[in-house]
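Source: prediction; values computed, not measured.
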Amino acid sequence: MNLEKVIFGFFIVLAATLNFGFVYGDPANPEHHHLWEFFAAFVVNVIATALKFGDRTQIGAVHLATSLVAVLQLAAAALVWFFAPAGPLPEGAIVSIVSLSAGALLANLVSIVILIVETTMMRR
């Protein structure tokens with residue numbers, strides 16, 4: 001078993017599951033979307049992106065691209081959250097944050113599909 005591949009797969013799947021956990025729920029209800037869960041999803045996505053640097057294959061480039069899209073979406077969501085008025089989040093802000101995070105989730109899912117396809121195509 002290749003420890004590097006295990007760590008790589010772990011962070012890709014963890015990024016997607018944390019992102020799903022944040023997105024899941026009523027998009028307009030701020031109580032369904034916790035700040036710390038968003039923060040964990042953002043940090044794990046950044047770690048997953050860092051792990052993808054150095055792979056010089058075409059599939060590695062696509063992995064990196066999907067990860068960069070996810071980080072960009074989550075960074076945009078973080079900016080919306082940061083610039084939202086103090087106090088409870090307005091409905092429009094939380095909906096935007098959840099929508100941007102859902103875009104990051106889609107990028108994470110594409111990365112997982114690529115990982116599964118890459119794994120099934122490997123020959124021993």
Phe39 reachable from Val80 in the ILVMFWY side-chain graph, under 4.5 Å edges:
no
Is the backbone of Leu115 close enough, under 3.5 Å, to the side chain of Thr119 for a donor and an acceptor to pair up by distance?
yes
If you measure from CG on Leu18 to CZ on Phe11, what distance do you get to the nearest 0.5 Å?
10.5 Å
Parallel, tilted or perpendicular for Phe20 and Tyr24, by the 30°/60° rule?
tilted
Could you measure the distance from the OG atom of Ser67 to the CG atom of Leu72? Nearest 0.5 Å is fine.
11.0 Å
Side chain proximity check, Thr66 to Asn108, heavy atoms < 4.5 angstrom
no
Which value, rounded to the nearest 0.5 Å, describes the distance between Leu64 atom CG and Leu51 atom CG?
11.0 Å
List the steps and the verdict of side chain to side chain contact (heavy atoms under 4.5 Å, CB included) for His33 and Ile97.
CA-CA 9 Å; His33 313 286; Ile97 292 165; over 6 Å; no
Nearest heavy-atom contact between Ile114 and Val62 is CD1-CG1, 3.2 Å
Evaluation steps, side chain to side chain contact (heavy atoms under 4.5 Å, CB included), between Leu106 and Gln73
CA-CA 10 Å; Leu106 180 62; Gln73 293 279 95; over 6 Å; no
Nearest 0.5 Å, please: how far is CD1 in Ile59 from CD in Glu118?
4.5 Å
Shortest non-hydrogen contact from His32 toward Asp26
ND1-N, 2.9 Å
For a 4.5 angstrom cut-off between non-hydrogen side-chain atoms, does Asn19 reach Asn45?
yes
Starting from Leu100, can I reach Val69 by hopping between I/L/V/M/F/W/Y residues whose side chains sit under 4.5 Å apart?
no
For Lys52 and Ser111, which heavy atoms make the closest approach, and how far apart are they?
NZ-OG, 3.2 Å
Are Leu3 and Phe10 grouped together when hydrophobic residues (ILVMFWY) are joined by side-chain heavy atoms under 4.5 angstrom apart?
yes
Hey, do the aromatic rings of Phe8 and His63 have their centres closer than 6.0 Å?
yes
First locate atom OG of Ser96, then atom CG of Leu79, and finally report the distance between them rounded to the nearest 0.5 Å.
12.5 Å
Is Phe42 reachable from Leu68 through a run of I, L, V, M, F, W or Y residues, each pair having side-chain heavy atoms under 4.5 Å apart?
no
I'd like to check Ile47 versus Leu14 (side-chain heavy atoms, cut-off strictly below 4.5 Å). Are they in contact?
no
Note, Leu74 side chain near Phe38 side chain (heavy atom, < 4.5 Å)
yes
Establish whether Met121 and Val113 are linked, either directly or via other cluster members, by ILVMFWY side-chain heavy-atom contacts under 4.5 Å.
yes
Spacing of Trp81 atom CH2 and Ser101 atom OG [to the nearest 0.5 Å]
8.0 Å
For the residue pair Pro90 and Pro85, establish whether any side-chain heavy-atom pair is separated by less than 4.5 Å.
yes
Minimum heavy-atom distance Leu89-Ala84, with the two atoms named:
CD2-CB, 3.5 Å
Shortest non-hydrogen pair, Val117 vs Thr120, comes out as O-OG1, 2.9 Å
